[in-house]
Amino acid sequence: MFALVDCNNFYVSCERVFAPHLEGKPVVVLSNNDGCIVARSNEAKALGIKMGEPAFKRQDFLEQHRVAVFSSNYQLYGDMSERVMRTLAEIVPEIEIYSIDEAFLDLRSYRKNFNLEELARHIQRRVKQWTGIPVSVGVAPTKTLAKVANHLAKKSPGKNGVCILSDPEEITDVLRTLPVEEVWGIGMQYQKFLNKHGITTALELRNAPDAWVKKHLTVVGLRLVKELRGVSCLPLEMVQAPRKGICTSRTFGNLVEDYESLREAIATFASNCAAKLRQQHSCTKMVSVFIYTNPFLIDEPQYSNCKMVLLPEATNVTPELVRYALWGLKLIYKPGYKYKKAGVLMTHIVPEDQVQTHLFYQVDRKRYTALMKSVDRIQQRMGKGTIKYAVEGTRHPWKLRQERLSPQYTTRWSDILTIHQC
DNA sequence: TCTGGGGTCCTAGGACCC
DNA sequence: TCTGGGGTCCTAGGACCC
């Protein structure tokens, strides 16, 4: 059996841990740049606020209904996520951290003669007590069915956040009433396609012939259908595979026209990617740079371009990567446009101890590697952005809009919560 | 004024090889 | 009637996830 533990309205719950007066009130969290609504409390959902709605279109509505609005605070959410995951791993060590707010647990090797419901309740209570985050737990014979169980745990008021699906007949009954688009792996395009072919429920999908599913939904779809039948095809992945692509991109808070500002942004993004590379002990051989104007401003001249730069030798040294990224930018930058978004993408990633060296390209990488180690250690201890390359700039006229940012309660000493005695 | 960011996997088709 | 057959590698694009 697999359990899927999912934090309820995770970003909102993180904010509420440190602002308990918001319990029971409508709360939303915005995406980067305060752009879209990406997390909603149950009260906010009940008001009809949709996932992904642009915040500015809902401004009046949010004020009118006294919805608490937060900018996204990834330092806080990342740290709270780690706490939740550590708590879970202490109960069940066979854990796959699937996303910032979700984890699968493999219960097969959990101690003998235990009660699934009791275990799920125990997990729920302990995570709440140790971190303040409410979670829902779904348990079933496959990961896909555990997702279904979790969905039910959240939606059915009587279940109080726990749902165990073990009886085959019960599973069939559940799938009969589950809309096919609620199944993990069925997105909008597949929903349209399946509906057109008379498949509207998860049960109908489960009963579709293998060959037909494989033809139209690829092997991914076939795996999913087998999982619905109770055949486990998706194993628990305890070790996280290194990323195959690493990207840092941002929509700017203000439109950016001048080359200098763009250079600062690209250097910052490249530097950020380099740090991520080193963190997973990888090097990259391909650096791509891209820039866009704002497609929503239909009266403005539009331009977008990207440049892929193939390196002679894979590296994770910041100054090298920044140089290649800026070279790419130079090739695609055109004056006279108002840029809205830019980014750096690193691909062709290899483990750092398996770099194919170049016969004629000589860099003293040993020295740089030592330097990068020191830089990373300082950042880790003193906080991100403590030291940086001058080319990254300090003014950052392009930086995000984050008007409703909460403090970094758990990761910055100066932001630690103060309790006043009344 | 104002519309996020970061990933994965699969397939078809083109270029190339013998 | 009859255009060889069997591969690899790479990329773009499309689907999905949170």
Side-chain angles (χ1 to χ4, degrees), chain A residues 4-11 28-39 50-62 69-74 77-78 81 96-104 143-144 147 150-151 180-194 213-224 233-234 237 240-255 269 272-273 276-277 280 285-286 288 290 292-300 306 308 310 338 340-349 400-404:
Chain A
L4 173 65
V5 183
D6 192 322
C7 302
N8 300 345
N9 315 326
F10 182 55
Y11 295 173
V28 298
V29 177
L30 307 180
S31 64
N32 261 339
N33 226 18
D34 294 349
C36 299
I37 294 162
V38 292
K50 297 273 174 297
M51 177 70 177
E53 276 190 285
F56 79 92
K57 285 191 179 170
R58 284 294 212 159
Q59 190 109 32
D60 294 342
F61 183 87
L62 293 173
V69 180
F70 290 93
S71 302
S72 39
N73 184 345
Y74 290 107
Y77 311 151
S81 172
E96 171 183 340
I97 298 170
Y98 176 67
S99 74
I100 194 164
D101 71 332
E102 277 173 80
F104 286 103
K143 282 171 140 187
T144 306
K147 273 270 188 188
N150 195 287
H151 177 79
V180 73
E181 65 272 19
E182 301 290 344
V183 175
W184 189 35
I186 301 300
M188 228 196 338
Q189 301 308 314
Y190 282 158
Q191 181 200 348
K192 275 191 218 154
F193 173 82
L194 291 169
V213 172
K214 183 168 180 200
K215 184 173 170 201
H216 294 106
L217 277 66
T218 79
V219 296
V220 180
L222 186 57
R223 264 199 301 260
L224 180 163
C233 303
L234 303 169
E237 292 176 24
Q240 205 188 19
R243 304 243 169 271
K244 295 173 178 176
I246 287 176
C247 179
T248 302
S249 73
R250 290 289 177 274
T251 298
F252 302 137
N254 301 302
L255 294 171
F269 299 161
N272 191 16
C273 286
K276 289 191 209 169
L277 270 178
Q280 64 163 31
K285 212 175 179 233
M286 177 86 88
S288 304
F290 52 88
Y292 298 126
T293 49
N294 188 349
F296 291 106
L297 300 178
I298 40 177
D299 297 333
E300 292 283 337
C306 84
M308 297 163 85
L310 187 64
K338 293 174 180 153
K340 180 62 177 170
K341 180 174 173 160
V344 172
L345 171 68
M346 297 187 176
T347 50
H348 293 42
I349 288 174
L400 299 176
R401 206 175 30 246
Q402 283 186 314
E403 286 169 2
R404 298 156 180 273

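Given the structure is predicted, the values throughout are model-derived calculations rather than measurements. In what follows, chains are A, B, ... by sequence order, proteins preceding strands, each numbered from 1.
Distance from the side chain of K276(A) is smallest for dG7(B) among the nucleotides dG7(B), dC2(B), dT3(B). The listed nucleotides are dC16(C), dC10(B), dT3(B); the one nearest the side chain of V220(A) is dC10(B). When each of dA15(C), dG4(B), dT3(B) is scored by its nearest atom to the side-chain atoms of Q189(A), the top-ranked nucleotide is dA15(C). Side-chain proximity of S249(A) to the nucleotides dT3(B), dG7(B), dG5(B) is greatest for dG5(B). With distances taken from any side-chain atom of Y190(A) to the nucleotides dG5(B), dA15(C), dC10(B), the minimum falls on dA15(C). Residue S99(A) has its side chain nearest to dC18(C) when only dG4(B), dC18(C), dC2(B) are considered. You'll find that the side chain of L297(A) is closest to dC2(B), out of dC16(C), dT3(B), dC2(B). Comparing dG4(B), dT8(B), dG5(B) against the side chain of S31(A) picks out dG4(B) as the nearest.
For an aromatic pair to be called close, the ring centres must be under 6.0 Å apart, and F104(A) with W184(A) satisfies this.
A close approach under 4.0 Å does occur between a side-chain nitrogen or oxygen of R250(A) and OP1 or OP2 of dG6(B). S72(A) has no side-chain polar atom (N or O) that falls below the 4.0 Å cut-off from OP1 or OP2 of dG4(B). In this model, the phosphate group of dC9(B) is approached by a side-chain N or O of K244(A) to a distance below 4.0 Å at OP1 or OP2.
Here dT3(B) presents its C1' atom at 11 Å from CD of E53(A), a figure rounded to the nearest Å. As a whole-Å value, the separation of L400(A) CG from dG6(B) P is 10 Å. Going from atom OH of Y98(A) over to atom C1' of dC17(C) covers 4 Å, rounded to whole Å. Between K214(A) atom NZ and dA15(C) atom C1' the separation is 17 Å, expressed in whole Å. Regarding F70(A), its CZ atom lies at a distance of 19 Å from the C1' atom of dG4(B), rounded to whole Å. Rounded to whole Å, the distance from CZ on F269(A) to C1' on dG4(B) is 13 Å. Rounded to whole Å, the distance from NE2 on H216(A) to C1' on dC16(C) is 18 Å. The distance between atom CG of L224(A) and atom P of dC9(B), rounded to the nearest whole Å, is 16 Å.
Across all strands shown, G245(A) has heavy atoms under 4.0 Å from sugar-phosphate atoms exclusively, and none from any base. Residue D101(A) is in sugar-phosphate contact alone, with no base atom involved, counting any heavy-atom pair closer than 4.0 Å across all strands shown. Within 4.0 Å of L217(A), counting heavy atoms only, lies no atom of the nucleic acid at all. Residue I246(A) is in sugar-phosphate contact alone, with no base atom involved, counting any heavy-atom pair closer than 4.0 Å across all strands shown. Using a 4.0 Å heavy-atom cutoff across all strands shown, K192(A) reaches no nucleic acid atom at all. Within the nucleic acid shown, K340(A) comes within 4.0 Å of sugar-phosphate atoms alone, with no base atom in reach, counting heavy atoms only.
Within the 3.5 Å criterion, the main-chain N or O of K50(A) finds a donor-acceptor partner in the side chain of E53(A). Looking at K340(A), its side chain does come within 3.5 Å of a backbone N or O of F252(A) through a donor-acceptor pair.
In this structure, F290(A) and Y292(A) have tilted ring planes: the angle between them lies in the 30° to 60° band.
Toward the 5′ end of DNA chain B lies the nearest nucleotide of Q59(A), the other residue of the pair Q59(A) and L345(A) mapping further downstream. Toward the 5' end of DNA chain B, the nearer of the two residues R223(A) and T251(A), judged by each one's closest nucleotide, is T251(A).
Scanning both residues, A55(A) and D34(A), for their nearest heavy atoms gives CB-O, 3.9 Å. E403(A) and S71(A) get closest at one heavy-atom pair: N-OG, 3.3 Å.
No side-chain heavy atom of K341(A) sits under 4.5 Å from any side-chain heavy atom of T293(A).
A distance of about 15 Å separates the C1' atoms of dC17(B) and dG4(C), rounded to the whole Å.
By the 5.5 angstrom centroid cut-off and the 30-degree plane limit, W184(A) is classified as not stacked against the base of dC17(C).
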